[in-house]
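Worth saying up front: this structure is predicted, and the values here are computed from it rather than measured. Numbering of ligands and ligand atoms starts at 1, following listing order.
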Amino acid sequence: MKVFVLNSGSSSIKFQLFLISERTVLASGIVEKIGEEKSQITYEIQAPKSIKNSFEEQIPDHKTGMNRIVELLTDSTLGVLKDKSDVDVVGHRVVHGGEDFKKPALIDDKVLNAIKENSALAPLHNPANIVGIEVAREVFGSAKQVAVFDTAFHHTIPQQAYLYALPYELYSSLKIRRYGFHGTSHQYVAEKAAEMMNRELSSVNLITVHLGNGGSITAIKNGKSVDTSMGMTPLEGLIMGTRSGDIDPAIPFYICNNSDTSIDEVDQILNKKSGLKGICRQNDMREILAACDRDDSQAQLAVDMYCYRIKKYLGSYMAILGRLDAIVFTAGIGEHSAPIRNHICQGLEHLGIAIDKNKNEALKSGCRELQTDNYEVKILLIPTNEELKIALETENLLKS
Ligand code: AMP
């Protein structure tokens with residue numbers, strides 16, 4: 001079965017084509033800057049031949065972008081797809097499923113309308129995902145379409161953890177509550193962690209730490225998400241590349257009442273100008289760590305704040321889990337930054353957590369254990385693979 005996984009943004013289409021029975025990627029790529037004067041198309045064909053290419057071209061809209069991807073993949077000299085009807089199913093990443101979607105869904109008009117209804121909760125993401133679905137339905141005609149939701153894994157969070165202490169009517173009328181995000185990633189690494197420990201997922205307690213440009217941390221009890229740091233939107237929780245994470249909710253009012261800043265500008269500040277960038281002007285952790293090596297005190301402050309916030313969440317999630325079997329690090333920073341993993345784990349020996357310096361700094365790829373021998377809690381490094389998880393979920397749904 002050939003599964004085409006799509007992650008559509010407001011000006012981009014990211015894709016991967018899987019031969020899912022063999023768990024192999026046939027092709028992957030991204031069309032960026034859709035609608036701008038010059039768009040960028042980058043793709044890599046893995047099989048049957050290995051080819052990489054990147055070039056500029058004007059792509060005015062998503063439909064042109066999708067047709068261009070199909071044109072590239074059906075190029076007879078490459079041999080990836082004979083025809084677009086060769087694609088059996090398209091799996092879409094959909095950011096917000098609200099309370100409607102607790103698992104992946106086969107897309108029909110009713111499902112598409114429900115995704116549209118949830119757009120108010122994710123105005124930056126769902127509309128772009130919807131465009132991707134509409135265009136793929138048109139372009140791929142006969143192929144089935146499946147939506148896999150970032151929020152779905154967190155549907156097991158209990159009410160005491162997902163409700164905010166606001167007037168209850170705000171939940172009933174406006175659906176204001178914690179939903180959580182990065183669910184596909186948290187679920188994927190949790191399953192891998194259970195596999196690495198030779199245990200059933202339903203028997204393990206984990207804290208999964210997804211540290212990319214966005215970041216979130218999830219408490220998993222007996223294989224199920226019971227709390228997570230992102231909230232109604234992906235703004236809450238950890239300090240991120242450009243997002244503040246947790247702040248006193250009175251701060252936006254204080255800014256508006258005491259400066260010439262509008263509420264929309266505060267939104268921009270919290271989402272785009274805060275986090276690591278707000279503290280030290282940079283949001284790429286590689287550059288921030290290089291600045292720390294040059295004794296840049298502002299970069300060091302950003303790193304200290306970043307790790308402190310994660311440590312605070314680790315402590316609170318350990319308290320609610322009772323027993324902790326493993327901490328899992330994943331995503332760009334979690335997978336690649338030994339100094340950040342080390343900083344977060346320092347001083348936690350009294351909680352049964354200690355990281356081994358050599359294991360942490362070893363230049364190896366793939367899943368591995370990082371804890372000091374004889375310490376109770378495992379520290380696992382597990383590369384996430386959201387696209388593969390979407391492809392597997394898509395395959396599962398069709399089989400069932
Ligand atoms: P992601 O959103 O998962 O792609 O992660 C992106 C982030 O990972 C970037 O902002 C980088 O700061 C970070 N990153 C990637 N490689 C490294 C590395 N070797 N060391 C530190 N941070 C890294």
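- Using modelled atom types and a 3.5 Å distance limit, the side chains of Asp75 and Thr77 yield a donor-acceptor pair.
- Residue Val266 shares its hydrophobic cluster (ILVMFWY side chains chained together at separations under 4.5 Å) with Leu235, Ile247, Ile251, Ile255, Leu270.
- In this structure, the side chain of Asn118 engages the main chain of Gly97 through a donor-acceptor pair within 3.5 Å.
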Give the intermediate values and the outcome of side chain to side chain donor-acceptor pair (under 3.5 Å) for residues Gln159 and Tyr171. CA-CA 11 Å; Gln159 210 175 26; Tyr171 167 59; 4.9 Å; no
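- Tyr254 pairs by the ring pair (Phe, Tyr, Trp, His ring centres under 6.0 Å) definition with nothing, not counting sequence neighbours.
- At a heavy-atom cutoff of 4.0 Å, ligand 1 is surrounded by Gly212, Asn213, Asn283, Asp284, Met285, Arg286, Ala331, Gly332, Ile333, His336, Ser337.
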Donor-acceptor list for residues 18-32 side chains, cut-off 3.5 Å, not counting sequence neighbours:
unit_1, atom_1, unit_2, atom_2, d
Arg23, NH1, Ile20, O, 2.6

